[in-house]
Each structure stands twice: as C-alpha cells, then as structure tokens.
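In what follows, a structure is listed as structure tokens, so that the remarks can point back to it.
Just so it is clear: chains get the letters A, B, ... in the order the sequence lines come, proteins before strands, and each one is counted from 1.
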Amino acid sequence: MFGRILRVCEHDSFKRLSETARGITFGSSPHGEVCMAWLRIVDALKAPVGTRVTIKGWVRTRRDSKAEGGLAFIALHDGSCFDTIQIVVKGTLPNFASEVAKLTTGCAIECDGVIAQNPKGGNELQCENPSPPAGDALRVVGWVEDPDTYPIQPKPHSFEYLREQAHLRVRTNTFGAVARVRHCLAMAVHQFFHQRGFYYVHTPIITANDCEGAGQMFKVSTLDTMRPLPRVAKEAQSAEAIEHCRDLAAKANMPPWTYGQVDHTNDFFGKEAHLTVSGQLNVETYCMAMSRVYTFGPTFRAENSNTSRHLAEFWMIEPEIAFADLNDDANLAEDMLKHLFRTVLSERADDMKFFAERIEKTAVSRLEHIVEKPFLRVTYTEGIKILEGAIKGGRKFEFPVKWGTDLQSEHERFLTEEHFKQPVILTNYPKQIKAFYMRLDDNCEPDRQTVRAMDVLCPGIGEIIGGSQREERLDKLDERLVEMGLNIADYWWYRDLRRYGTVPHAGFGLGFERIIQFITGMQNIRDVIPFPRAPKQAEF
RNA sequence: UCCCCGAUAGCUCAAUGGUAGAGCGGCCGGCUGUUAACCGGCAGGUUCUAGGUUCGAGUCCUAGUCGGGGAGCCA
C-alpha cells in the first residue's frame with residue numbers, strides 16, 4: 001500500500017527512536033505492516049518517497065491554499081539540518097480549522113504522514129490521517145500563546161535585537177547554523193588531537209595562582225562582602241587589635257581589613273582565588289609527562305573590553321607539545337586550522353552555503369582556498385620591514401611602526417588582509433612585548449633580543465592564535481621573571497618543571513569563538529556563543 | 001576605559017521645531033501546490049529615562065541608561 005516502509009518499528013522511546021533513525025534502512029516490510037518511525041528532518045529529507053514517518057519540530061512559516069478543498073503548507077525545523085521540511089496538510093483533517101489553520105511561527109507540532117516528492121523538487125511530508133483513523137495526524141504539542149508578540153518572526157531580524165532574545169534566537173536559521181557549526185568544530189578539535197595522540201586535560205577553572213598575569217581576573221570568594229568590614233584604624237594597629245579583628249571576621253564570614261588590604265585567610269581557599277585566564281601553566285605540567293596534551297575549556301577575562309572580538313567568558317583550545325620547538329608549534333597550528341576548515345566544509349556544507357549566501361560571500365571559497373596552500377611564515381622583523389616599505393609607498397597608519405613596539409590592529413590587518421591576503425604566521429617577536437615564559441632566541445643582537453613567539457593572523461579577525469616555544473632553561477626563566485618584576489617564589493611549581501627533566505616544549509592558544517567567526521563570517525563574537533558574557537551583559 | 005554614532009508600532013525604518021507614517025508581522029476577507037507568496041481591509045504609539053529651552057519638542061540643549069562601530073587589552 002505504501003510501497004516502501006520502514007523496516008524498524010519503534011514507538012515511544014526518544015533515545016531508541018533517535019538511534020534507530022540515524023542508521024535507518026528502507027525497503028519493503030516482509031509483513032507489509034505499517035510502521036511509524038519518528039525521523040529527524042535531515043533523515044526525512046533523504047527518505048524514499050512513500051515512507052510513512054512521524055516528524056516533530058517547530059513551525060517557521062504557515063501558508064494556506066483553498067485548492068483541493070483546502071491545504072496548509074508548514075515549514076518545519078527541528079535543528080537537525082539547515083533546511084526545513086514542508087508539511088502539506090489536507091483540509092480534510094478533523095482539526096484543520098480548529099488547530100492547523102491557527103498555527104503560527106514558533107508552535108511545536110508533531111505530524112504523521114508519507115514522504116512525497118515536492119513539485120519543485122525535494123521531499124515533503126503529506127500529512128494525512130491513516131486509515132482507519134488513529135487520532136489526529138497533526139498534533140499541536142505547544143502553542144505560541146500570543147503570536148502578535150512572539151519575538152521571532154519569519155523575517156530578517158537584526159543581530160542586535162536577537163541578542164536581546166538569546167533564549168529564542170537559536171530558532172532562527174542563522175543561529176541554528178552557528179550552533180551546528182560550533183558543535184561540528186568542537187568535535188573536530190577533539191578528533192584532530194585524538195588522532196594525533198594528544199590527551200585532553202581538564203585544567204582547573206578556579207585558580208589560586210596570582211601569577212597567571214594575563215590581564216584582569218574575576219575574583220572567586222565565599223566571603224560575605226555585603227556586611228560592614230571590621231577594620232583596624234591605621235594608628236591603632238596592634239597585634240591584639242588585628243587578632244581581634246580577624247576573630248570577628250572569621251565568625252561572621254567577612255573579609256577583614258588589616259593594613260588596608262583584604263585578608264583572605266578566612267576565605268574558602270585560604271587565599272585569593274580567581275577564574276582562570278588560561279590553562280597553559282597547568283597543562284604544561286601534564287605535557288612534561290604525557291608529551292602531547294591539550295585543554296579545551298572556558299576562560300575568563302575581566303577586562304572592560306567592548307569590541308566585536310572580545311568576551312568575558314570564552315572557550316580556548318591550548319595544545320602543548322614536548323620535545324618540540326616553535327616550528328613544530330606553527331606546523332601544529334596550521335594543521336589544526338586546516339583540519340577544522342576541511343571538516344566544516346564537508347560536514348556542514350548546508351550551513352556553510354547559507355553563510356556564503358547571506359552573511360559573508362567568501363565564507364566557503366576562502367576556506368577552500370586556504371586549505372590548499374601552506375600558510376606564510378614571516379618574522380616580526382620582516383613584518384616591520386614590510387610595513388615600513390608600505391609607509392614609504394604612501395600607505396598611512398594611525399600609529400607609528402617601530403621595531404620593538406607591538407603591532408597595532410591596523411598593522412596586523414594590513415599584513416594579512418592587504419599585503420598577503422591570506423593567513424600569516426608572524427614569529428620571533430621582541431622579548432619586551434611578550435610573556436615571561438617564552439623562550440629567548442639564541443644568537444640575537446644584544447639590543448634586538450627576540451623570543452620564539454608566534455601569532456597567527458587571519459583576514460577579518462586579526463589574531464586568532466597566540467603561541468610560543470616555552471623557556472625550558474631555569475636560569476633564563478628566572479632572569480625573565482626578575483626582569484618583569486614577578487615574584488619567583490610564586491612560580492615554584494612551574495619552575496620545578498625546569499628542575500626535573502626539563503625538555504624543549506611549545507604550545508598555543510586558539511580562541512574558539514574567533515575561529516567560528518572566521519569560518520562563518522559572523523561579525524560580532526557575541527553571536528557565535530550561545531549566551532555571551534561581556535561587560536553589562538549576563539542576562540541569560 | 002577612550003572616540004564616534006544611535007534609541008519612534010511586535011520587528012525594520014521614515015517624519016524641515018507645527019495633526020505620529022510605511023513595509024513586514026498579527027487579525028479579517030479575497031486569490032493561490034504555496035514556499036521571504038500576492039491583493040484589499042482592521043487593530044496596533046508614555047517617540048529610552050530625567051531635567052531644560054520654546055507659544056509649541058520625536059526633532060534643540062544637559063545628564064543618565066542601553067545598543068552599535070572603532071581603539072586599547074588580548075584569544
């Protein structure tokens with residue numbers, strides 16, 4: 001009767017249905033029975049014509065026709081792919097006038113029907129009651145209570161507006177596509193490292209190191225800072241007075257002030273604690289035993305940054321490789337980026353096609369272009385020469401170009417967007433503008449000392465990766481700590497790595513949201529993370 | 001944090017200091033295997049907040065809040 005039907009017959013288990021639907025095979029049932037399987041839309045769009053299935057999802061649009069005694073066309077999405085499936089509902093359904101005709105954008109429905117060929121090509125679902133009838137073929141699972149004020153309409157919304165509707169914006173095609181691409185990339189990151197023998201290390205989110213030194217940190221404390229602070233007046237500070245103050249504070253779970261400073265001895269960790277700004281220092285310890293490791297987790301920066309490329313909470317990927325130098329590090333970064341690009345092009349072709357059509361014309365073509373040829377590698381010093389040459393040629397920059405100073409955004413963008421027009425790995429920066437743990441280059445001119453650092457610059461985004469070979473020599477590391485005014489004692493366990501079996505090693509940090517931005521062409525970083533955290537922004 | 005721009009119907013935007021408008025969406029009707037459908041009608045407003053200038057402020061001034069772009073910090 002139905003030509004081809006599902007071989008499997010599942011009814012009520014969400015999990016079993018989903019698993020079954022993935023590996024479903026189609027063909028004639030030996031018993032001729034009618035089976036109703038819940039298919040995700042991605043599978044329904046590929047199912048053979050005549051297959052009888054159930055589909056569940058949310059209405060994107062509904063249009064009506066008076067033809068054939070009344071028809072309703074519903075575009076349904078369920079997140080399984082970019083495309084919606086069209087449900088064609090016959091006017092003969094008992095609940096057609098009472099329910100189907102009243103469906104609006106956002107309603108949740110499930111419908112039974114038969115896969116059919118759409119006159120314009122592709123699959124659609126003919127929703128009709130089975131014979132004999134066994135309940136309504138289209139069932140409304142959840143109504144939209146007031147269609148007039150439902151925030152997501154079937155029309156282009158501004159990203160700024162949708163940011164204020166972050167709990168609903170994933171129902172739009174853009175944010176659905178971003179969510180699938182984000183997932184695809186996260187899986188591809190793990191796949192890339194796993195295939196190359198890296199171990200995934202869960203570095204801590206809370207840290208009591210005050211030595212991370214990468215900008216402003218969020219404080220983590222259980223002290224009740226809402227209460228008045230017992231404090232000892234400067235002129236009355238005696239040992240007894242301070243002790244008394246500490247007692248009071250300990251009993252009240254308050255942060256006592258002594259000598260004008262918060263005393264954290266009563267705090268949860270007994271010392272000042274923060275949210276991590278990087279897993280690098282911790283993951284280096286695992287690198288010195290496991291050889292190839294990486295972290296992939298949330299990272300927090302309390303900087304008051306209001307830009308399209310910064311978040312207060314973002315996800316960072318930080319590999320660390322032992323017995324390796326800066327060149328190995330750059331190779332790893334290049335291989336990883338190319339793996340991510342290839343994976344997203346093949347696994348999320350539907351979403352990438354959308355980004356290329358509606359968000360950024362070159363979204364697909366530039367990735368295809370990039371994976372085909374090696375990244376350029378240029379030293380900082382060569383980069384400066386190129387910039388100086390451009391200035392001589394009449395190019396104007398707001399900031400001066402001078403060896404020994406950090407490159408400004410405009411300089412980086414000039415190199416990657418105008419001069420090379422492709423990703424560039426810039427290496428060997430002057431030591432005074434880089435972190436203490438980066439390895440000093442050998443054989444430098446005395447007044448032009450550089451470190452084995454690298455930045456990967458991409459058109460449109462700027463710096464997407466920052467990395468370096470680490471200083472593995474204890475004496476050199478200590479010199480750098482002192483030079484930068486850091487307290488050597490605070491770094492005791494990090495220094496131990498250089499005392500016990502030290503080896504050359506290297507690593508980098510990749511901002512996960514920035515790579516998603518680069519791939520999708522989404523201009524604001526707040527639109528590539530589900531619930532962005534930024535200054536004055538933590539509503540959801 | 002600094003510089004610039006903005007805030008008007010559910011959404012996107014108009015409106016010379018002088019009666020608050022359109023498109024989309026919603027509702028009603030027409031047409032239609034439609035698919036960002038189309039055609040007609042209806043409803044929908046404390047013009048971000050608080051002050052000020054003016055006979056009169058959506059419009060000008062001051063402050064604030066929020067949003068956007070750029071910069072710094074970085075990933």
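Backbone-only contact: Arg526(A) has heavy atoms under 4.0 Å from sugar-phosphate atoms and none from a base. Using a 4.0 Å heavy-atom criterion, one finds that Leu311(A) contacts the bases of the nucleic acid, with or without backbone contacts as well. Within the nucleic acid shown, Ala67(A) comes within 4.0 Å of sugar-phosphate atoms alone, with no base atom in reach, counting heavy atoms only. Using a 4.0 Å heavy-atom criterion, one finds that Ile464(A) contacts the sugar-phosphate atoms exclusively. The residue Thr84(A) sits apart from the nucleic acid: no heavy atom pair falls under 4.0 Å. Contacts of Asn118(A) with the nucleic acid, taken as non-hydrogen atoms under 4.0 Å apart, include base atoms. The residue Gln126(A) sits close to a base: some heavy atom pair falls under 4.0 Å. Among the protein residues, Lys536(A) comes within range of the sugar-phosphate backbone only, with heavy atoms under 4.0 Å from sugar or phosphate atoms but none that close to a base. Among the protein residues, Arg163(A) comes within range of the sugar-phosphate backbone only, with heavy atoms under 4.0 Å from sugar or phosphate atoms but none that close to a base. Among the protein residues, Glu68(A) comes within range of the nucleic acid bases, having at least one heavy atom under 4.0 Å from a base atom. Among the protein residues, Gln86(A) comes within range of the nucleic acid bases, having at least one heavy atom under 4.0 Å from a base atom. Residue Tyr161(A) is classed as a sugar-phosphate contact, given heavy-atom separations below 4.0 Å to backbone atoms only. Using a 4.0 Å heavy-atom criterion, one finds that Thr299(A) contacts no nucleic acid atom at all.
In this structure, Lys66(A) and Leu71(A) have side chains that are not in contact, with every pair of non-hydrogen atoms separated by 4.5 Å or more. You'll find the side chain of Leu477(A) stays beyond 4.5 Å of the side chain of Tyr491(A), heavy atoms only. Counting only heavy atoms from C-beta outward, the side chains of Leu340(A) and Ile515(A) approach each other to under 4.5 Å. Using a 4.5 Å cut-off on side-chain heavy atoms (C-beta onward), Pro94(A) and Glu99(A) make no contact.
Side-chain proximity of Asn306(A) to the nucleotides rA75(B), rC73(B), rA71(B) is greatest for rA71(B). Comparing rU35(B), rC74(B), rG33(B) by their nearest atom to the side chain of Arg301(A) picks out rC74(B). Of all nucleotides listed (rG67(B), rA71(B), rC11(B)), rG67(B) comes nearest to the side chain of Gln537(A). Here rA36(B) is the nucleotide among rA75(B), rA36(B), rC73(B) with the atom lying nearest to any side-chain atom of Pro156(A). Each of rA75(B), rG10(B), rC11(B) was ranked by its minimum atom distance to the side chain of His157(A); first place goes to rC11(B). Distances from the side chain of Ser409(A) to the nucleotides rA71(B), rU32(B), rC73(B) place rA71(B) closest.
Considering CZ of Arg171(A) and CG of Leu162(A), their distance stands at 12.5 Å, rounded to 0.5 Å.
For the 3.5 Å distance criterion, the side chains of Arg301(A) and Thr299(A) fail to qualify, holding no donor opposite an acceptor.
Close to rG33(B), at under 4.0 Å from its OP1 or OP2, lies a side-chain N or O of Ser65(A). Taking side-chain N and O atoms only, Arg63(A) has a distance below 4.0 Å to OP1 or OP2 of rA37(B).
A gap of 23 Å separates the C1' atoms of rG41(B) and rA14(B), to the nearest Å. Atom name P, nucleotides rA43(B) and rU34(B): the rounded distance is 32 Å, in whole Å. A distance of about 9 Å separates the P atoms of rG26(B) and rA37(B), rounded to the whole Å. Comparing rG58(B) with rU46(B), their C1' atoms sit 12 Å apart, to the nearest whole Å.
The aromatic ring of Phe512(A) does not sit over the base of rA75(B), since the test of centres under 5.5 Å and planes under 30° is not met.
In terms of polar N and O atoms assigned as donor or acceptor, the side chain of Lys155(A) comes within less than 3.5 Å of the base of rC11(B) in a complementary pairing. For a distance-only test at 3.5 Å, the side chain of Asp64(A) fails to qualify as a donor-acceptor partner of the base of rU32(B). Within 3.5 Å, a donor on the side chain of Gln153(A) pairs with an acceptor on the base of rG10(B), or the reverse.
The residue among Arg62(A) and Glu160(A) whose nearest nucleotide of RNA chain B lies closer to the 5′ end is Arg62(A).
At whole-Å resolution of the value, CD in Glu412(A) and C1' in rC73(B) are 12 Å apart.
Taking the six-membered ring for Trp and thresholds of 30 and 60 degrees, His411(A) and Phe397(A) have ring planes more than 60 degrees apart, a perpendicular arrangement.
Taking every heavy atom of both residues into account, Ala44(A) and Ile115(A) meet most closely at O-CD1, 3.6 Å.
For RNA chain B, runs of at least 3 consecutive pairs of the Watson-Crick or G-U wobble type, with both hydrogen-bonding distances under 3.5 angstrom, map to B:1-7 with B:65-71, B:10-13 with B:21-24, B:26-30 with B:38-42, B:48-52 with B:60-64.
Shown are Phe512(A), Phe314(A), Tyr200(A); of these, the ring-ring contact (aromatic ring centres under 6.0 Å, His included) with Phe296(A) is made only by Phe512(A).
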